[in-house]
Enquirer: 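Questions regarding the structure given below will be posed in turn.
Numbers restart at 1 for each chain; the letters A, B, ... are given by sequence-line order, proteins then strands.
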There are 2 protein chains.
Amino acid sequence: MNSKFQNISVEEIERRLKDAGVNPTTQRIAIFKYILCDADHPTADQIKSWADKNFPKVSLATIYNTLNVLVDAGLLRELNLPESDSVVYDKTLSEHHHFLDQQTGHLIDIEGDQIRVELKLKRQLKISEMDILLRGTQN
Amino acid sequence: MNSKFQNISVEEIERRLKDAGVNPTTQRIAIFKYILCDADHPTADQIKSWADKNFPKVSLATIYNTLNVLVDAGLLRELNLPESDSVVYDKTLSEHHHFLDQQTGHLIDIEGDQIRVELKLKRQLKISEMDILLRGTQN
DNA sequence: CATAGAATTGGAATAATTCTAAACTGGACT
DNA sequence: AGTCCAGTTTAGAATTATTCCAATTCTATG
């Protein structure tokens, strides 16, 4: 159920791109499908490595362009973890947080319903977003 | 009480450095004092700008060296916020989190006692650290 | 099928940080 | 005071992720 590796048809990918107002080009479809179906919080470089094995040519610039387009369209989120120099891309759009396994470096999504936060702020703050990063180990 | 700008004597700074096993050189004392007394979540570049006005010469490499030494000694923490390309340094060592004012870009410490988190994790995870970043606006 | 606007490309540019090798400092021992 | 040495500082080169740029290639539409 919670499988990271899904099978989504090219048609479905195209439809999602169009619905989000993104022109579904060959490169965008391929990159988006890879992220949705095969990858797990990939970096631009990991996407590039994968692309090099599966396409005649996709330039790194196109990968960055595409990722930015997808993020701007709300189809992906970018995550900037302190422990990595590279941005990783997150296909999960529902409210969620993250757990980083300090032994393996593996990043796991934690759905929003698994964390309840109670704020007792002294200041008058209007909170619009909240990022939580848990660190630790898995048994 | 919650003042960001404190007055701590050079002797006290030296003592803290020594206690943490850090050789209290002129540059380290100056930089550490600046962070503790005058700065608010500064970046290396901001420290460099300040240093340029107050010293004949402090190289940027020394600033980075010093910051790394202080972080390794547990005298500072580094924060890597998604919205900035640069690391910022945090003098507050007690458990706390952060609020980022999306209008001003200002970063505010939120003490640990103002946030209560209840975890209902499905997986068996042993949590050792938790970073929370709130975003929003101030009234 | 012509064409304009969008997408892609390779390579140069940028920016934060680290690396390197040389020069400098300051305390310990004469 | 003079020498020595480990630790520190320095300037500048190197690294790395990402963006920029100008030129080329697609693609949808008339």
Enquirer: The criterion is salt bridge (Lys or Arg N to Asp or Glu O under 4.0 Å); which residues satisfy it with A/R15, sequence neighbours excluded?
Expert: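 With neighbours one apart ignored, the set is A/E12, A/D19.
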
Enquirer: Taking ILVMFWY side chains as joined if any heavy atoms are under 4.5 angstrom apart, and letting links pass through other members, which residues group with B/I132?
Expert: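 Besides B/I132, the hydrophobic cluster comprises A/F99, A/I108, A/I110, A/I115, A/V117, A/L119, A/L121, A/L125, A/I127, A/M130, A/I132, A/L134, B/F99, B/I108, B/I110, B/I115, B/V117, B/L119, B/L121, B/L125, B/I127, B/M130, B/L134, listed by chain and residue number.
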
Enquirer: Not counting sequence neighbours, which residues clear side chain to side chain contact (heavy atoms under 4.5 Å, CB included) with B/E11? List them please.
Expert: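 Per chain and number, B/E11 pairs via side chain to side chain contact (heavy atoms under 4.5 Å, CB included) with B/S9.
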
Enquirer: Hey, could you give me each pair passing salt bridge (Lys or Arg N to Asp or Glu O under 4.0 Å) that has a residue in residues 128-139 of chain B? Not counting sequence neighbours.
Expert: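 Qualifying pairs, neighbours excluded: A/E129-B/R135, A/D131-B/R135, A/R135-B/E129, A/R135-B/D131, B/E83-B/R135.
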
Enquirer: In residues 59-85 of chain A, which ones come under 4.0 Å of DNA chain C, going by heavy atoms?
Expert: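 DNA chain C contact set from residues 59-85 of chain A: A/S59, A/A61, A/T62, A/N65.
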
Enquirer: Going by atom type alone, with no hydrogens or angles, which donor-acceptor pairs under 3.5 Å involve a side-chain atom of residues 24-33 of chain A and a protein atom two or more places apart or on another chain?
Expert:
from, atom 1, to, atom 2, distance (Å)
A/T25, OG1, A/R28, N, 3.2
A/R28, NH1, A/N23, O, 3.1
A/K33, NZ, A/I8, O, 3.3

Enquirer: Quick check for you: name the first and last nucleotides of DNA chain D, 5' to 3', having an atom under 4.0 Å from a heavy atom of chain A.
Expert: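 Boundary nucleotides touching chain A, in 5' to 3' order, are D/dA17 to D/dC20.
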
Enquirer: Could you list the residues that satisfy side chain to side chain contact (heavy atoms under 4.5 Å, CB included) with A/V71, not counting sequence neighbours?
Expert: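 For A/V71 the side chain to side chain contact (heavy atoms under 4.5 Å, CB included) partners, ignoring immediate neighbours, are A/L76, A/E78, A/Y89.
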
Enquirer: Pull out every residue in residues 9-28 of chain A that has a heavy atom closer than 4.0 Å to any atom of DNA chain C, ordered by number, or say none.
Expert: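 A/N23, A/T25, A/Q27, A/R28 - these, ordered by number, are the residues of the stretch whose heavy atoms sit under 4.0 Å from the strand.
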
Enquirer: Residues in side chain to side chain contact (heavy atoms under 4.5 Å, CB included) with A/T92, at least two apart?
Expert: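 For A/T92, the residues satisfying side chain to side chain contact (heavy atoms under 4.5 Å, CB included) (neighbours in sequence not counted) are A/D90, A/S94, A/H96, A/D109, A/E111.
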
Enquirer: Quick one: salt bridge (Lys or Arg N to Asp or Glu O under 4.0 Å) partners of B/K126, sequence neighbours excluded?
Expert: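 For B/K126, no residue satisfies salt bridge (Lys or Arg N to Asp or Glu O under 4.0 Å) once neighbours in sequence are set aside.
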
Enquirer: Establish, with yes or no, whether the OP1 or OP2 oxygen of C/dA16 is under 4.0 angstrom from a side-chain nitrogen or oxygen of B/K48.
Expert: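 Checking B/K48 against C/dA16: no side-chain N or O falls below 4.0 Å of OP1 or OP2.
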
Enquirer: Strictly by side-chain hydrogen bond (donor to acceptor under 3.5 Å, both in side chains), give each pair with a member in residues 52-65 of chain A just once, sequence neighbours left out.
Expert: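 Listed once each, the pairs are A/K48-A/D52, A/S59-A/T62.
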
Enquirer: Would you check if the distance from the ring center of B/H106 to the ring center of B/H41 is below 6.0 Å?
Expert: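 No: the rings miss the under 6.0 Å criterion.
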
